[in-house]
Amino acid sequence: MDPSGGGTAKRLALWPEPHFLPASIRAPCARLFHNFPSQRNAMSQDTATTQNADTPETSSAIPKAYEPAAVEAAWYQRWLDSKCFQASPDPAHPDRAHAIMIPPPNVTGVLHMGHLLNNTIQDILTRRARQQGKAALWLPGTDHAGIATQSRVEKELRKTGKTRHDLGRDAFVAAAAAWRDKHGGIILEQLQKLGASCDWSRRVHTLDPGYSRAVLQAFVTLYDRGYIYRGKRMVNWCPVSLTGLSDEEVIMKPRRGIFYKMRYEIVEFPGQFLEIGTTRPETIPGDTAVAVHPSDPRYAHLVGKHVWRPFPRARIPIIADNAVEKDFGTGVLKITPAHDKADFEIGQRHNLPIIEVLNPDASLNELAGPGLAGLDRDVARTKAAGMLRELGLLLKEEPYENNVGYSERADVPIEPRLSEQWFIRYPKVEEAKQAVINGHVHFHPERWSKVYLHWLNNIQDWCISRQLWWGHRIPVWYRNGADRDIPANRHVSLTPPADPENWTQDPDVLDTWASSWLWCLATLGWEKPGDTNDALRFWFPTTALVTGPDIIFLWVARMIMASLEFHGEEKTTLSDDEIRRRIPFRHVYFNGIIRDAQGRKMSKSLGNSPDPLELIAKFGADGLRIGLLSIAPKGTDILFSEERVSQGRNFCNKLWNAARFRQMQGEETPAGANPSLATLASRLAPADIDTDDHAILEALANATDTIHDALESYDFNTYTETLYHFFRTHYCDWYLETIKTRPAGAKTTLLAIQDIVLRQLLLLLHPLAPHITEELYHRLGYCAPEDFIQNTNPGTGAGLRQTLAAAGIVLSPSALAETNRLREFVTAARAIKTQNNMAARRDLEFHFIPKDGASAGLIQRHLGKIQKLAGASRFDIAPPADGEGPQASALPAGPAAATSLGTLILALAPDVSVDTAAEQERLTRELARLEKLVAAGAARLANAAFTSKAPAHILEGARAQLAETQSKYDEVKRLLAALG
RNA sequence: GGACGAAUAGCUCAGUCGGUUAGAGCGUCUCGUUUACACCGAGAAGGCCGGGGGUUCGAGUCCCUCUUCGUCCACCA
């Protein structure tokens, strides 16, 4: 800056413009001294000089609009440089513990709308806790995402014409790791753009050595405790990923297909047929029976006989089993034990042979016979139907829609397949229920606990082995050439056997969720031996988990069970107190799922998912955060619309300008003051304080309490709504406007009030909009240049009241009520003007007939203010109309309104033309409305049941209301009469 | 089939213990550049609180029932 720049220089000193600077010298600390020219350091001198040199023309203008990009980037870097987000355990003060573990995004992922909402909420909780002096840890990390990552890397590989088998296991895993290292950090970098205050020094990845050790240790421990077993079972097989899946990774989708009705000839009665329906004729070669219900009279005589399976032609028995539904289809079910879960169970009961006709990739093998072998299952289906037709066995084909399980990742129908897998029988199921029932783990919204409990009540064993290479390899070795089913031939351990040449390790890896279910424990180093882990002891159980309800089974429930099982000594059952100490988190907040404006899920294929980084560029991270939170309803899904998110940006701009307005009025804060609330309060001159000052401080104290309660109860709606309403309605729309009408003598007091309000508002808003609040907090001089807003606690409304009382200002709710009456009065005056097309005129006179002396006094005291706010040149205040009020004949003619303070009438003048008919119509409508209210109120009070049973304050309220309504009614009636 | 949720202004949603005349934002209409802000301000219009029944002095709120929509779970070939 050119120090001889005159007025320009002076204004820049008050309100400099950092984002005009080139990025290289846009050091945030340079801005910190703008309020305090004497303290400006060499660096800010440099930047100022460069600024002038760079932008000689524009630099004289004070920016009217908030430009977030530079401010956000600069502050984020400064926070990182100052280690603002790093948390340390404080074992001496356990009540300072506050921890949130980020739901680890997939390394394959990029930031989407759901992440924005989810992480904004975590940031709010963390930053708020930090302000409150907690040792607030928000731990970031990523998930290795077994299937997703492996699929991505294999896809890349296929472009070079290779498969993972060409590379071999070690080389493939290395390639996947390289891919992860290159792409896996993107999402966390994107989170930084959002302003996420994670402790990046503690970043964890599920394949980190320590974390991996924890995962394997948990496996070994569960194995030793008898919760893990291996067995040949029907699993959900993904023919694309070529691995088994857990039930939770299968999603049911309706699928249109064909229902084939066919007939099989009965062996014992040639020429007679049994009619059978199926949707999967390609599995006929795998059929080893047909089944009917035991009590079905139609087929009772056939049980024990046989039918001819058409291809390959063979005799298969007719059996009876209760699983068959008599009323469905023909009541006859073909049994394919190898390729259907229910059929497998029936097969077990009847000792049926199992014929696998499908390959792992869902093509048919040679057992399917010459016509079908080698074909894909879908092609084979049509072909098989054709073969039936040729044999004269196909009776009917009809369109049919049924639900089919799809692989969540690969989005293809899964195939039930018999395979050798590892399973977990879940530990601590009962305790996991108790943890939620007894309120140790609290769900928000609470209703999700029903979904959680329902799943636990019907829990099935968990298939945890995956036929993949990318993940935690199962720590089990089998003795070469020996029977694997005999435990002595297995080596289950964190370390390989001493004679590795005699053993072969299980080739499978663990389900990703079998690593992420340890997230809260393993991120804090649970696997480290001994009792010296301060972090774990201090932060566990963590404070809150913020996630989507869609992973309540996949993740939330499993984490609770894992933690109950692993955190502490081995115990088969846990007492309530032990449950309380072993839970992974005390609160679970389920955020809604973000959908587009039409309510559809955000998806890449629909192209309805906006790019979060573009949104940040457009609205600023703070604007986006505010906008997103303000449209997020409490328990349900969120319909996203960019238009509505722009509100957040508008809010930031408004806040910026309110601060700018304060700044433009002058600088009462001595250089380097770093004023506390008490300092600011001490500048208030009680003699200069009026109703509106009281009211805004009262509203501020109320908002502080409301926000405190809202955040304590995870009610983010109320949090944002309260901020929004207080700032816009109370502060900007009314209070700041009244300031413009106040006498010059009160300036110091008015500046102090603005400082108190803005300072408190910034403190309250900071968790939601961290960057702009930090920027303004410094610009307005509310903290020392080297300090941060996060180090100040917003405190409570009571604290605020106390500090003000100590300075001689005792707040009371009556000021708010008075201000509301003044607002109603001003609004009525403005409305009269607008309704008569004179909104822009400022020379109009009003008659005011006060209801009573108090009303007259109130208006009299605020007369100058009201004249300016209403845009009137004069209010002619009549003597108070106590009692009956003036006769209609005594009323001046003119458009009028009845307010709770009295009657307001626009004074007619030669150049004031009034549409009498319209006015009459308006008053008539108003009269009718009031008449209804009076009637309803009177009827209620005439009801003895009401007056005898209703509580006193309701009764009193009803009487007061009726009186006021009645008086307005009388007034409007008189006005109408006066009108003619 | 079972469970859960939703239905309030044109749109998206608040409305906590049942209590005064049901609120907000956006949108719409009219007006406006005055000591910050047009990313702004002022004013207005706009509601059978999904339908029906019940409890109560009093119901958007509690109970029953029906309708529509959404989500999850389980699924019959």
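Below, read A as the first sequence line, B as the second, and so on, with proteins coming before strands; counting in each chain starts at 1.
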Can you tell me how far [atom1] in [N] sits from the matching atom in [M], rounded to whole Å?
| N | M | atom1 | value |
| --- | --- | --- | --- |
| B:G60 | B:G51 | P | 11 Å |
| B:A45 | B:G27 | C1' | 13 Å |
| B:A24 | B:G46 | C1' | 14 Å |
| B:C73 | B:A14 | P | 24 Å |
| B:G5 | B:C62 | P | 11 Å |
| B:G18 | B:G58 | P | 16 Å |
| B:A9 | B:C49 | P | 10 Å |
| B:U8 | B:U61 | C1' | 12 Å |

As its Watson-Crick or G-U partner within any shown strand, both distances under 3.5 Å, B:G5 has B:C69
For B:A42, the nucleotide meeting Watson-Crick or G-U wobble distances (both under 3.5 Å) is B:U30
Examine the base of [N] for any acceptor or donor lying under 3.5 Å from a partner atom in the side chain of [X], and report the outcome as yes or no.
| X | N | value |
| --- | --- | --- |
| A:E737 | B:A36 | yes |
| A:K654 | B:C37 | yes |
| A:K341 | B:A77 | no |
| A:N653 | B:C37 | no |
| A:T965 | B:U21 | yes |

Heavy atoms only, 4.0 Å cut-off, all strands: where does [X] land among base, sugar-phosphate and nothing?
| X | answer |
| --- | --- |
| A:D343 | nothing |
| A:D327 | nothing |
| A:E325 | base |
| A:R922 | nothing |
| A:R830 | sugar-phosphate |
| A:C652 | nothing |
| A:N943 | sugar-phosphate |
| A:R595 | sugar-phosphate |
| A:P951 | base |
| A:M252 | base |
| A:K334 | nothing |
| A:F651 | nothing |
| A:A658 | base |
| A:Y400 | sugar-phosphate |

Per salt bridge (charged side-chain N to carboxylate O under 4.0 Å, His left out), A:K968 is matched among A:E926, A:E931, A:E824 by A:E824
To the nearest angstrom, how far is [X] atom [atom1] from [N] atom [atom2]?
| X | N | atom1 | atom2 | result |
| --- | --- | --- | --- | --- |
| A:R925 | B:G46 | CZ | P | 7 Å |
| A:N657 | B:C40 | CG | C1' | 9 Å |
| A:K326 | B:C76 | NZ | C1' | 15 Å |
| A:N836 | B:U30 | CG | C1' | 13 Å |
| A:I459 | B:C72 | CD1 | P | 20 Å |
| A:R842 | B:U33 | CZ | P | 10 Å |

Could you check whether any side-chain N or O of A:R940 sits under 3.5 Å from a backbone N or O of A:A936, counting only pairs where one atom can act as donor and the other as acceptor? no
inquiry  = For A:D287 and A:R309: C-alpha separation, side-chain torsions, deciding distance, then whether salt bridge (charged side-chain N to carboxylate O under 4.0 Å, His left out) applies.
reply    = CA-CA 8 Å; A:D287 290 358; A:R309 186 182 67 197; over 6 Å; no
What verdict does the salt bridge (charged side-chain N to carboxylate O under 4.0 Å, His left out) test give for A:R742 and A:D692, after you've listed the backbone C-alpha separation in whole Å, the side-chain angles of each residue and the deciding distance to 0.1 Å? CA-CA 11 Å; A:R742 300 280 287 272; A:D692 289 310; 5.6 Å; no
- Could you walk me through whether A:E919 and A:R922 pass the salt bridge (charged side-chain N to carboxylate O under 4.0 Å, His left out) check? CA-CA 5 Å; A:E919 178 66 9; A:R922 201 183 58 76; 3.2 Å; yes
_As a quick check of understanding, evaluate salt bridge (charged side-chain N to carboxylate O under 4.0 Å, His left out) for A:K341 and A:E345, giving each step before the final call._
CA-CA 7 Å; A:K341 210 175 168 186; A:E345 284 161 16; 5.5 Å; no
Winner on side-chain proximity to A:N837, out of B:G41, B:U30, B:G25, is B:U30
Please check the phosphate of B:C40 (OP1 and OP2 only) for any side-chain N or O of A:R728 closer than 4.0 Å.
-> yes
A:N403 side chain near B:A74 phosphate (N/O to OP1/OP2, under 4.0 Å): no
Any side-chain heavy atom of A:I739 within less than 4.5 Å of one from A:Q754?
-> yes
In terms of ring plane angle, is the pair A:F651 and A:Y724 parallel, tilted or perpendicular, where the classes change at 30° and 60°? parallel
Comparing nearest nucleotides in RNA chain B, the 5'-proximal residue of the pair A:V826, A:L333 is A:V826
